[in-house]
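None of these values were measured; they are calculated from a predicted model. For reference, positions follow the sequence shown, starting with 1.
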Amino acid sequence: MDAGGTAQLRRREMAAAISGAGRCRLSKVGAGRRPPPARVRVAVRLRPFVDGTAAAGEPPCVRGLDSCSLEIANWRNHQETLKYQFDAFYGERSSQQDVYAGSVQPILRHLLEGQNASVLAYGPTGAGKTHTMLGSPEQPGVIPRALMDLLQLTREEGGEGRPWALSVTMSYLEIYQEKVLDLLDPASGDLVIREDCRGNILIPGLTQKPITSFADFERHFLPASRNRTVGATRLNQRSSRSHAVLLVKVDQRERLAPFRQREGKLYLIDLAGSEDNRRTGNKGLRLKESGAINSSLFVLGKVVDALNQGLPRVPYRDSKLTRLLQDSLGGSAHSILIANIAPERRFYLDTVSALNFAARSKEVINRPFTNESLQLRVLAPIKLSQKELVGPSEAKRARGPEEEEIGSPEPTAAPASASQKLSPLQKLSSMDPAVLERLLSLDRLLGSQGSQGTHGLNTPRRERMVLMKTMEEKDLEIERLKMKQKELEAKVLAQEAVDPKDKENSSPAVLRPLARRTVTVAKPLKKAVVMPLQLIQEQTASPNAEIHILKKKGRKRKLESLDASEPEEKAEDCWELQISPELLAHGRQKILDLLNEGSARDLRSLQRIGQKKAQLIVGWRELHGPFSQVEDLERVEGISGKQMESFLKANILGLAACHRCDTS
């Protein structure tokens with residue numbers, strides 16, 4: 001690029017800033033206008049030749065012109081060079097302190113103002129990104145230097161007597177093959193990236209460690225750094241196989257009213273380098289890792305191009321890396337991009353690609369703003385008396401009749417004020433601070449205009465009047481019912497005094513509980529054996545015989561004795577049928593003869609004996625001999641005691657009655 005191109009680029013920046021500032025007048029912080037734009041600052045660092053790799057007398061492909069510009073050979077025409085101008089250029093003789101003090105240290109002050117900042121290290125593999133960010137014990141990089149200065153700033157600003165109390169927390173993660181992994185807790189698995197209602201990017205479940213000194217930071221950071229995925233390739237023995245992100249959060253709380261709260265985030269990002277698999281020799285897992293790295297970096301380039309062209313859709317969601325960098329590129333952070341390049345000619349194409357990406361990133365416009373909110377002080381709960389909680393009408397009803405007659409010697413307490421009954425800070429303490437601030441300002445405005453109470457946060461006046469009228473009507477109705485109750489009780493007492501004999505029969509209809517329907521349980525059906533009429537007549541003729549029969553008259557059942565003149569009423573659950581013992585013995589003997597001599601067909605003539613039971617009886621008789629008594633039938637397998645009892649009831653009486661008829 002020449003001087004004319006540089007001037008044209010500056011004009012484009014100014015035009016973009018002016019047009020962007022005039023598009024919208026809204027502000028997230030409620031200041032009435034949009035936050036001022038802040039361009040992404042880009043610095044380029046040229047690493048020295050690697051020992052043993054530079055040929056004797058081989059000139060570098062990149063040469064610095066001054067502290068902000070450089071030139072590189074044009075691959076289309078070797079007689080020309082391509083010139084680039086950035087915010088800062090650090091040559092091969094620059095130190096870690098130069099890079100940190102010139103580009104990173106100035107943005108740390110924004111964290112104490114509640115704003116976000118991010119530092120990205122970009123470049124091809126083997127260009128020195130990890131060395132720039134981490135460094136070595138002898139030459140610490142950006143991350144340890146930034147944490148040391150940031151903790152020193154927080155100690156100074158959050159000391160005793162200062163208006164703000166500050167706290168610092170850290171989180172460390174990597175994006176490996178499109179998986180977000182927590183380096184402080186490797187067992188947590190793949191994490192998800194979310195966006196809250198304010199547009200802030202967050203990762204639920206990410207470990208946060210509080211740190212107060214640099215020793216605390218090293219205690220958490222050094223073991224987590226060993227969890228990062230690295231691998232050996234032909235170009236680098238310890239090549240980063242993932243994108244590492246260190247998130248440092250600074251929380252500020254104001255010690256005095258109005259108790260504001262600020263939050264600033266610092267993203268320190270070590271991107272994995274783009275790789276040419278023909279030169280790195282990646283195979284298998286390394287090839288898969290290289291594909292994921294190149295894919296995410298390609299999406300990063302698409303995001304930068306979409307922001308520069310003003311496209312309606314920016315593909316942040318196409319990659320986990322760009323989703324996490326949404327706040328750093330085109331968002332609300334002060335961003336620094338450190339592009340690392342190599343001087344060797346074999347890295348020429350990678351160097352040109354990195355410089356082109358850095359030049360495009362320089363045109364991205366961010367809009368930092370202060371993340372500030374109000375922190376509500378939780379008020380002590382107001383203790384109200386029972387009368388104030390229940391109300392005057394309900395308190396009057398709650399007192400007994402004696403208390404109403406005697407009366408309370410103390411005067412009734414004055415009702416609680418509207419501010420005590422309806423305290424907005426008690427009910428809305430969990431509300432969003434921005435919404436609550438607007439509600440409180442509206443409440444103060446209504447109060448200044450002469451309105452009583454907090455009408456903006458309470459029930460509307462019309463609905464409240466209707467509710468009060470309804471409550472008065474209900475109170476009058478209850479009083480009327482009480483008077484009617486007393487009149488009825490007085491009438492009942494007067495009636496009892498006049499006629500004391502009918503005291504038991506007369507009961508006040510008001511005090512007697514409602515009659516309930518009695519649930520009747522069905523009684524078991526009674527069974528009776530119908531005997532032949534001739535047998536009954538014979539037994540009637542005999543003087544010693546006494547046989548009872550069942551007859552039904554009206555709705556009552558009575559047991560009549562044939563030789564008695566008057567019927568004798570008995571309870572339904574104690575009537576039964578009796579016959580002479582001789583007939584019972586004859587019936588049992590006949591059943592025993594059938595069991596011992598009868599065939600299966602003869603046995604089926606008995607009640608409760610089917611084909612299966614008849615065969616069981618015949619088989620048992622062949623094995624064990626004849627039955628000695630009828631009760632031996634229980635020994636037959638398949639006939640239980642209950643079946644035996646029902647068998648005797650069904651057969652003995654019937655056979656005895658039939659025998660009586662035959663003999664007569």
Side-chain angles (χ1 to χ4, degrees), residues 25-36 107-117 150-169 196-200 202 208 210-212 248-266 332-334 367-384 388 414-459:
R25 293 297 177 185
L26 297 178
S27 175
K28 287 188 176 182
V29 295
R33 58 187 181 87
R34 200 172 185 185
I107 69 172
L108 297 181
R109 276 285 174 182
H110 297 297
L111 297 175
L112 302 182
E113 299 173 0
Q115 299 181 1
N116 299 336
L150 182 61
L151 292 172
Q152 180 65 26
L153 286 174
T154 55
R155 282 194 296 269
E156 294 175 358
E157 296 294 332
E160 292 294 335
R162 295 282 184 165
W164 296 88
L166 283 79
S167 62
V168 182
T169 59
D196 61 5
C197 58
R198 298 184 179 182
N200 299 322
L202 50 89
Q208 294 185 4
I211 53 176
T212 56
V248 181
K249 188 183 298 184
V250 180
D251 291 324
Q252 305 178 63
R253 298 176 185 272
E254 198 171 13
R255 291 191 171 101
L256 301 176
F259 305 109
R260 291 174 296 174
Q261 191 173 6
R262 292 177 180 176
E263 181 184 76
K265 298 179 183 178
L266 174 63
S332 60
H334 297 271
R367 296 188 178 276
F369 63 90
T370 300
N371 300 304
E372 185 176 290
S373 59
L374 285 178
Q375 179 188 7
L376 293 176
R377 292 290 183 179
V378 180
L379 301 179
I382 301 175
K383 295 182 179 180
L384 301 178
E388 293 173 342
S417 62
S419 61
Q420 290 179 336
K421 289 184 178 179
L422 299 170
S423 177
L425 297 182
Q426 281 185 313
K427 297 184 178 181
L428 308 177
S429 58
S430 60
M431 184 177 288
D432 185 81
V435 178
L436 184 56
E437 182 182 3
R438 296 179 62 186
L439 288 176
L440 292 177
S441 62
L442 178 61
D443 184 43
R444 288 192 295 269
L445 178 62
L446 292 175
S448 63
Q449 294 177 357
S451 59
Q452 298 178 357
T454 53
H455 299 302
L457 303 178
N458 299 336
T459 309

Legend entry - Listed partners of Arg155 passing salt bridge (Lys or Arg N to Asp or Glu O under 4.0 Å), at least two apart: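 Expected list: none.
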Legend entry - Whether Asn371 side chain and Glu263 backbone form a donor-acceptor pair below 3.5 Å: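 Checking the backbone N and O of Glu263 against the side chain of Asn371, a donor-acceptor pair under 3.5 Å is found.
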Legend entry - Separation of Ser167 OG from Arg253 CZ (nearest 0.5 Å):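 It comes to 6.5 Å.
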How about [X] and [Y]: do any of their side-chain heavy atoms sit closer than 4.5 Å?
{"X": "Gln261", "Y": "Ser373", "value": "yes"}
{"X": "Thr169", "Y": "Ile211", "value": "no"}
{"X": "Gln115", "Y": "His334", "value": "yes"}
{"X": "Lys249", "Y": "Gln208", "value": "yes"}

What heavy-atom pair brings [X] and [Y] nearest, and what distance separates the two atoms?
{"X": "Thr370", "Y": "Arg262", "answer": "CG2-NE, 4.3 Å"}
{"X": "Trp164", "Y": "Arg255", "answer": "O-NH1, 2.9 Å"}
{"X": "Leu374", "Y": "Pro258", "answer": "CD2-O, 3.4 Å"}
{"X": "Lys265", "Y": "Leu111", "answer": "O-CD2, 3.3 Å"}
{"X": "Glu372", "Y": "Arg260", "answer": "OE2-CD, 3.2 Å"}

Legend entry - side chain to side chain contact (heavy atoms under 4.5 Å, CB included) between Asp196 and Leu202, intermediate numbers included: CA-CA 7 Å; Asp196 61 5; Leu202 50 89; 3.9 Å; yes
Inset, instruction - Please identify each residue that fulfils side chain to side chain contact (heavy atoms under 4.5 Å, CB included) with Thr212, with sequence neighbours left out. - result: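 Asp216.
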Inset, instruction - Taking side chain to side chain contact (heavy atoms under 4.5 Å, CB included) as the test, write out the residues that go with Glu157, two or more places apart. - result: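 Expected list: Arg109, Leu112, Arg162, Leu166.
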